[in-house]
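Presented below is the structure to which this report refers.
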Amino acid sequence: MPPETATAPAATTRTGAAGTRTQARARAARNRRILVHGTRVLLLVGLLGLWEGLAHAAVIDPFNFSMPSKIWDQISQWAVNGTPQGPLVEQIWYTLYEALLGWVIGVLGGVLLGIVLGRIRFLADVLGPYIKVLNALPRIVLAPIFLIWFGLGPASKVASAVVLVFFPVFFNAFQGAREVDRNLVANSRILGASNRQVTLQVVIPSATSWIFTSLHVSFGFALIGAIVGEYIGATKGLGLLVSASQGTFNAAGVYAAMAILAVVALLAEGLLAFLEKRLFRWKPADPGEAR
């Protein structure tokens, strides 16, 4: 028998074994995802059921703590009949518009300044103390100042979102620019790349992973900035719903607005995670996902 003929069955066997292992890993990963999602749902149902039961049994005060059934009724009422400030969809969009605009401005400003200061050490040394001082300020307290400056319109809420988003994005972009592999930069210089080419083709791609890490947290900050600004003073938005419900001692309304805000935040987080996976398909999978 020729040698190549003898080795063919062995190669086929190895290929089949590798395919079986791959299928087994994929099946295990799928089962784990189902288990994780199912446990999450059961945990949420259990917590809501416990809350409902304790409120019905008067173990907790239903007036102050409300209960899931009343919160659902409040959301349904707003969805069908609208809120005192207008349709529920309009309130959600108003808050989302403020948060998105503030997030985009804060991200762009943080990325640009972070990359620039990460690349130019002189500017980092000069501006570093000022940025640290501004970062140490409690930025939530700036919301009343923005309200005085820009009025009750969306501009004051956008400004609140910007100052909350800017700093986490800036520090991640700055650190990402500083952590670029020096060998890559040196090789680019040897190949004749200019400062602009090094920044655009080496530094920014290397810092993208750092930047995306901050995007997940920063959008939540943008929502916080918009909500706080609306709570202090606004004509529309979920923050105004929270403030109005609090003013009328409507605990269900407060929790209902918070629940809607949580759903919006989860959807935004899911979208960011999807975009990150599409952009970073080259990265190896998390080892924990294959268990």
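In this chain, numbering begins with 1 at the start of the sequence shown.
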If you measure from [atom1] on [X] to [atom2] on [Y], what distance do you get to the nearest 0.5 Å?
| X | Y | atom1 | atom2 | value |
| --- | --- | --- | --- | --- |
| Phe167 | Ile131 | CZ | CD1 | 7.5 Å |
| Leu112 | Leu117 | CG | CG | 11.5 Å |
| Arg30 | Arg25 | CZ | CZ | 13.5 Å |
| Leu223 | Leu100 | CG | CG | 8.0 Å |
| Leu238 | Ile227 | CG | CD1 | 5.0 Å |
| Leu123 | Leu113 | CG | CG | 8.5 Å |

Kindly work out whether a path of hydrophobic side-chain contacts (I/L/V/M/F/W/Y, heavy atoms less than 4.5 Å apart) joins [X] to [Y].
| X | Y | value |
| --- | --- | --- |
| Leu127 | Phe171 | yes |
| Ile71 | Leu50 | yes |
| Leu240 | Leu101 | no |
| Phe122 | Phe174 | yes |
| Val104 | Val165 | yes |

Sorted by chain and residue number, the side-chain contact (heavy atoms from CB on, under 4.5 Å) partners of Tyr94 (sequence neighbours excluded) come out as Glu98, Pro154, Glu230, Thr235, Lys236
Go through the structure and list residues passing side-chain contact (heavy atoms from CB on, under 4.5 Å) with Val254, not counting sequence neighbours.
-> Val242, Ser245, Gln246, Met258
Of the non-hydrogen atoms in [X] and [Y], which two are nearest, and what is the gap between them?
| X | Y | result |
| --- | --- | --- |
| Ala99 | Ala222 | O-CB, 3.5 Å |
| Gly239 | Thr95 | N-OG1, 4.4 Å |
| Ser218 | Val107 | OG-CG2, 4.3 Å |
| Gly110 | Ala173 | O-CB, 4.0 Å |
| Ala256 | Trp78 | CB-CZ3, 3.7 Å |
| Leu241 | Ala257 | CB-CB, 4.4 Å |

Pair Leu88-Ile260, side chain to side chain contact (heavy atoms under 4.5 Å, CB included): steps then yes or no = CA-CA 10 Å; Leu88 178 61; Ile260 295 170; 3.9 Å; yes
Each residue besides Leu267 in its hydrophobic cluster should be listed here, by chain and number; the cluster joins Ile, Leu, Val, Met, Phe, Trp and Tyr at side-chain heavy-atom distances under 4.5 Å.
-> Val263
Fellow cluster residues of Val36, listed by chain then number, with links counted only when side-chain atoms sit under 4.5 Å apart | none
If you look only at pairs with a residue in [range], which of them pass as a salt bridge (charged side-chain N to carboxylate O under 4.0 Å, His left out), with sequence neighbours excluded?
| range | value |
| --- | --- |
| residues 145-167 | none |
| residues 53-69 | none |
| residues 37-57 | none |

Partner residues of [X] under the ring-ring contact (aromatic ring centres under 6.0 Å, His included) criterion, sequence neighbours left out:
| X | value |
| --- | --- |
| Phe219 | Trp103 |
| Phe146 | Trp149 |
| Phe166 | Phe170 |
| Trp51 | Tyr255 |

Is there a side chain to side chain contact (heavy atoms under 4.5 Å, CB included) between Leu35 and Asn31 once you walk through the steps?
-> CA-CA 6 Å; Leu35 177 62; Asn31 292 337; over 6 Å; no
Residue list, side-chain hydrogen bond (donor to acceptor under 3.5 Å, both in side chains) with Gln91, at least two apart or on another chain = none
Mind running side chain to side chain contact (heavy atoms under 4.5 Å, CB included) on Gln74 and Asn250 for me, showing each step along the way?
-> CA-CA 10 Å; Gln74 181 67 80; Asn250 180 12; 2.9 Å; yes
Side chains of Ile140 and Ile224: closer than 4.5 Å at any heavy-atom pair?
-> yes
Are the side chain of Ser66 and the backbone of Phe63 linked by a donor-acceptor contact shorter than 3.5 Å?
-> no
Side-chain donor or acceptor of Ser76 paired with backbone N/O of Trp72 under 3.5 Å | yes
Whether over 12 other heavy atoms sit under 6.0 Å from Tyr97 OH | no
